[in-house]
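Everything on this sheet refers to the single structure shown next.
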Amino acid sequence: MSAPSSPRLPSKPSSQPPRSMARAMLRGTLGLALFAVVTAVVVAGTRALTEKRIADNYHAAQYRLLGEMLPVELQDVSVTALLDNTLTLPPTRALGQREPFTAWRVRRGEHAALIVPVIAHGGYSGDIDMLLGIDQSGRLSAVRVVRHQETPGLGDKIERRKSDWITSFDGRSLDNPTLAEWSLARDGGEFDGFTGATITPQAVIMAVRHSLQWFAFDGHRLLREEAESDS
């Protein structure tokens, strides 16, 4: 009769993960790293392929808009001529500019105009960026909103593609209407508002008026200096 075998002691649990688990973790890590690298390459490649086209489209849209700002007598001025006559102006409170900014100055014969970027800080939802075209007599050739955050369906009627309200400034000047009438009609002014929004149009009206007041001195001076340098 054989002696009974001694009971087998349970083995100690290993402090290391099983080899198969370690391999799975490594594969997962490498997979995530590869996915991140591929994604980064695809994003960078897409950006490189489209960046120039986006920039070209942006500049083309900007140049078209600059052309719209010119008075009738200068509307056939080429984009090249516009770009050759830029000038950098210092921060100008009347135009809402807190940093140096670029403006465009155009002259041909007896006709001249200045195109200036203006920021209306009193919008309902923030700043409203605009371009103003002003001829040598201080008359507005055009006003266009180029960027804003106003409420869709209400304040966004300041955009030319949403309504023709912004064209109500065409041909206006500092004395047309009188200074006191540069306001909404409901306040005794010259300009109509639009339903549901009064802060936005009033901010645009005041920014345009302040710009014309700035032009009455500085704008005329800039055009006069250019004429004197050409003579």
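The figures here come from the full heavy-atom set of this structure, side chains too, leaving out hydrogens, waters and symmetry mates. Since we're looking at a predicted model, the values are computed, not measured.
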Side-chain heavy-atom pair Val146, Asp129 within 4.5 angstrom cut-off: yes
Least distance between heavy atoms, Thr200 atom then Gly155 atom: CG2-O, 3.7 Å
pair Val116-Trp214: side-chain heavy atoms closer than 4.5 Å: yes
Closest non-hydrogen atom pair, Asp192 against Ala185: OD1-CB, 4.0 Å
Arg108 atom CZ, over 12 foreign heavy atoms within 6.0 Å: yes
Within-4.5 Å side-chain heavy-atom neighbours: Leu222 and Leu89: yes
Aromatic plane relationship, Trp165 with Phe194 - under 30° parallel, 30 to 60° tilted, over 60° perpendicular: perpendicular
Main-chain N/O of Leu74 paired with His111 side-chain donor or acceptor, under 3.5 Å: no
Listed partners of Ser125 passing side-chain contact (heavy atoms from CB on, under 4.5 Å), at least two apart: Gln149, Glu150, Thr151
Test item: Thr86 side-chain N/O and Thr102 main-chain N/O as donor-acceptor pair under 3.5 Å: no
Side chains of His148 and Glu159 in contact at under 4.5 Å (non-hydrogen atoms): yes
More than 12 heavy atoms of other groups within 6.0 Å of Arg221 CZ: yes
Electrostatic pair Glu190-Arg172, nearest N-O below 4.0 angstrom: yes
Any Val145 side-chain heavy atom under 4.5 Å of Arg160 side chain: no
Side-chain cluster (under 4.5 Å, hydrophobic types only) that Phe35 belongs to, other residues: none
Leu174 side chain reached by Phe215 side chain, heavy atoms, under 4.5 Å: no
